[in-house]
Amino acid sequence: MPLFGTDGVRGLANGLLTAELALHLAQATAVVLGQGRSAEERKAQGRRLTAVVARDPRVSGEFLAAAVSAGLASSGVDVLDAGVIPTPATAFLIADRDADFGVMVSASHNPAPDNGIKIFARGGTKLPDIVEERIERALEGERLQPTGAGVGRIRRFADAEDRYVVHLLGSLPHRLDGIHVVLDCAHGAAAGVSPETFRDAGAQVTVIGADPDGLNINDGVGSTHLDVLAEAVVRLGADVGIAHDGDADRCLAVDADGNVVDGDQIMAILAVAMKERGALADDTLVATVMSNLGLHRAMEAHGIRVLQTAVGDRYVLEAMNEGSYSLGGEQSGHVIMSDFATTGDGLLTGLHLVAEMARQDKTLAELASLMTVYPQVLVNVRGVDRDGVKDELVQAAVAESTAELGDSGRVLLRASGTEPLVRVMVEAADEQTARAHADRLADVVRERLAL
């Protein structure tokens, strides 16, 4: 199996992901990313390469970040240790400090025993597959081993949070005065910076999930557990709830009645607002094939094109970069605003969502009403040949359901990239119809593709 997955290297800390692996991965990264024109120019000027290193607050991040920093410094790279900050803050700071690359130690929304290593290139962008493959091959090659004055230094990045907060506040089209926000920081990387930023933007802030102890990250709180946030918003009579995940690259929301507002709805609100002020590049929103049919209908009604990609924020990013688009994301709450960020940024997204409430003087429910969410049923059919989705009878069944649903629904069959299963997704005007078609298609997949 390849070491790199869809979002860096991730696994059980001290299981797959050991201090030794983190050290060697950092050394291999220094070899690969220490090449190229800009790196050679720095060396010619007598300057060492520089990397930003940060982590989320899970306990294993302490030894893994230390191992990464040691690996880089032993390879002649100066390290700016930013401590506990969100993943998007790390990406921003790489560009802001003109660093050569950066490393974030985090397992995002995964439970505390897991951890991960995400590597960002110069400018704070995610690495393409081909570069990750080169780093993986370099694990078996020679390492850089300078001595004396050639070794790197590890210094505390003292104003990392302040730089990020100033950047976020400078992006806002409107202040948040008069809005009561409940923030759920998932006991994660947002705990130290999100409340401060929302308050500085003018919001009244109540905070939950902001007491990280290294072991409670994502534990019953955050964007994957919205019940606690919804209850708090309703109980306190707040205007809106904003939920982050462990590394704060996601944002989901709840309205004043505790109803969930997902990534599709957030993108719809932002896309229409950006188009109105001429900030939506080419009047285009980039979304994955799993985005709700209601998003497509709403964007069509507002003259906005939806460009679809494969599932995964890296594919959204690729499409956005290729077309120079300004907004994209996923239903899960990874929203990318490329005028201000190179990756999904939960704080940036939440701030801009609440800014629209303040600017338009509307509730979140009123803003979200521009999109009708179609019932969506997903069935994972396990123990089947995932490469057989083009089977003639399977495709005939898909065509039949598609014809029956017409303009009121949608069918998507998608093979898992890692398991022997096929995902059957059906949207329809009502859940009963969606369930009936999904179950029928799942039966056909089981019958035709059984291993």
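Annotation for Ser75 and Gly71: closest pair OG-O, 2.8 Å, computed over non-hydrogen atoms. Contact between His244 and Ser194 at its shortest, heavy atoms only, is NE2-OG, 3.0 Å. Across all their heavy atoms, Val52 and Ala82 have their closest contact at CG1-CB, 4.2 Å. Among all heavy-atom pairs drawn from Ile94 and Gly102, the shortest one is CD1-CA, 3.5 Å. Scanning both residues, Ala73 and Ile154, for their nearest heavy atoms gives CB-CG1, 3.9 Å. Closest approach of Pro57 to Ala189, counting heavy atoms only: CD-N, 3.5 Å.
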Let's go through Leu285 and Leu295 carefully: what are the C-alpha distance in whole Å and the side-chain angles of both, what is the deciding distance for side chain to side chain contact (heavy atoms under 4.5 Å, CB included) to 0.1 Å, and is it a yes or a no? CA-CA 10 Å; Leu285 169 67; Leu295 176 64; 4.0 Å; yes

Checking Ile85 against Tyr164 for the side chain to side chain contact (heavy atoms under 4.5 Å, CB included) test, could you report, in this order, the C-alpha distance in whole Å, the side-chain angles of both residues, the deciding distance, and whether it holds? CA-CA 9 Å; Ile85 58 172; Tyr164 180 52; over 6 Å; no

Set out, in order, the CA-CA distance, both residues' side-chain angles and the distance that settles side chain to side chain contact (heavy atoms under 4.5 Å, CB included) for Leu80 and Asp78, then state yes or no. CA-CA 7 Å; Leu80 293 172; Asp78 282 342; over 6 Å; no

Does Ser401 form a side-chain hydrogen bond (donor to acceptor under 3.5 Å, both in side chains) with His437? I'd like the steps, not just the answer. CA-CA 7 Å; Ser401 286; His437 281 277; 3.0 Å; yes

Evaluate the side chain to side chain contact (heavy atoms under 4.5 Å, CB included) criterion for residues Arg55 and Glu62: first the C-alpha distance (whole Å), next the side-chain angles of each, then the deciding distance (0.1 Å), finally the verdict. CA-CA 8 Å; Arg55 62 183 180 89; Glu62 296 173 7; 3.7 Å; yes

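Annotation: side chain of Glu356 is in contact with side chain of Pro173 (closest heavy-atom distance under 4.5 Å). Using a 4.5 Å heavy-atom cutoff, the side chains of Phe198 and Leu176 are in contact. Looking at Leu280 and Leu327, their side chains come closer than 4.5 Å, going by heavy atoms from C-beta outward. In this structure, the side chains of Val377 and Asp439 stay at 4.5 Å or more apart for every pair of heavy atoms.
Put simply, CG on Leu364 and CG on Leu353 are 5.5 Å apart, with the number rounded to the nearest 0.5 Å. Put simply, CG on Asp385 and CG on Leu449 are 6.0 Å apart, with the number rounded to the nearest 0.5 Å. To the nearest 0.5 Å, atoms OG (Ser223) and CG (Leu252) are separated by 5.5 Å. The CG atom of Leu348 sits 12.0 Å away from the CG atom of Asp249 when rounded to the nearest 0.5 Å. Atoms CG and CG, on Leu21 and Asn14 in that order, are 11.0 Å from each other to the nearest 0.5 Å. A distance of 7.5 Å separates CG of Leu226 from OG1 of Thr224, quoted to the nearest 0.5 Å.
For Thr90 (side chain) and Pro86 (main-chain N/O), a donor-acceptor pair under 3.5 Å exists by modelled atom type. Between the side chain of Asn216 and the backbone N or O of Asp211, at least one donor-acceptor pair lies under 3.5 Å. One N or O on the side chain of Glu427 and one on the backbone of Leu293 form a donor-acceptor pair closer than 3.5 Å. At least one donor-acceptor pair under 3.5 Å links the side chain of Ser171 to the backbone N or O of Leu168. With hydrogens and angles disregarded, no donor-acceptor distance shorter than 3.5 Å links the side chain of Ser108 to the backbone of Asn110. Although no hydrogens or angles enter the test, the distance criterion places a donor-acceptor pair under 3.5 Å between the side chain of Arg48 and the main chain of Val151. For the pair Asp245 (side chain) and Arg250 (backbone), a donor-acceptor distance under 3.5 Å is present. A donor-acceptor pair under 3.5 Å is formed between the side chain of Arg58 and the backbone N or O of Pro111. Distance alone, capped at 3.5 Å, is enough to place a donor-acceptor pair between the Thr284 side chain and the Asp282 backbone. Not a single donor-acceptor pair under 3.5 Å links the side chain of Asp56 to the backbone N or O of Thr87.
Considering only residues two or more places apart in sequence or on other chains, Arg156 meets the side-chain hydrogen bond (donor to acceptor under 3.5 Å, both in side chains) condition with none of them. Residues that satisfy the side-chain hydrogen bond (donor to acceptor under 3.5 Å, both in side chains) test with Thr349, not counting sequence neighbours, are absent from this structure. By the ring-ring contact (aromatic ring centres under 6.0 Å, His included) test, Phe92 pairs with His167, sequence neighbours left out. Every residue was checked against the salt bridge (Lys or Arg N to Asp or Glu O under 4.0 Å) condition with Asp283, not counting sequence neighbours, and none meets it. Applying the side-chain hydrogen bond (donor to acceptor under 3.5 Å, both in side chains) test to Arg435 and every residue at least two apart in sequence or in another chain returns nothing. Qualifying ring-ring contact (aromatic ring centres under 6.0 Å, His included) partners for His352, counting only residues two or more places apart in sequence or in other chains: Phe340. For His225, there are no ring-ring contact (aromatic ring centres under 6.0 Å, His included) partners at least two apart in sequence or on another chain. Partners of Arg155 according to the salt bridge (Lys or Arg N to Asp or Glu O under 4.0 Å) rule, which considers only residues two or more places apart in sequence or in another chain, do not exist here.
Neither side chain, His187 nor Asp213, offers a donor N or O lying under 3.5 Å from an acceptor on the other. Side chains of Ser60 and Asn115: a donor on one and an acceptor on the other come within 3.5 Å.
Within 6.0 Å of the CD atom in Glu196, the count of heavy atoms belonging to other residues, nucleotides or ligands exceeds 12. Counting heavy-atom neighbours within 6.0 Å of Arg305 CZ, excluding the residue itself, gives a total above 12. Shown here is Phe63, whose CZ atom has more than 12 heavy atoms of other residues, nucleotides or ligands within 6.0 Å. Annotation: Asp159, atom CG; neighbour count of heavy atoms from other residues, nucleotides and ligands within 6.0 Å is above 12. Taking a 6.0 Å sphere around CD of Gln395, one finds it holds more than 12 heavy atoms contributed by other residues, nucleotides or ligands.
Here salt bridge (charged side-chain N to carboxylate O under 4.0 Å, His left out) pairs that include residues 322-349, with residues two or more places apart or in two chains, number zero. Pairs engaging residues 264-275 under the side chain to side chain donor-acceptor pair (under 3.5 Å) rule: Asp264-Ser291, Asp264-Gln331 [sequence neighbours left out]. For residues 118-133, the set of pairs meeting the side chain to side chain donor-acceptor pair (under 3.5 Å) definition, not counting sequence neighbours, comprises Asp7-Lys118, Asp7-Lys126, Asp98-Arg122, Asp100-Arg122, Lys118-Asp247, Lys126-Asp313, Asp129-Arg314. Sorted by first then second residue, the salt bridge (charged side-chain N to carboxylate O under 4.0 Å, His left out) pairs that include residues 81-95, not counting sequence neighbours, number zero.
Geometric assessment of Arg410 against the ring of Tyr374 yields a negative cation-pi assignment under the 6.0 Å and 45° thresholds.
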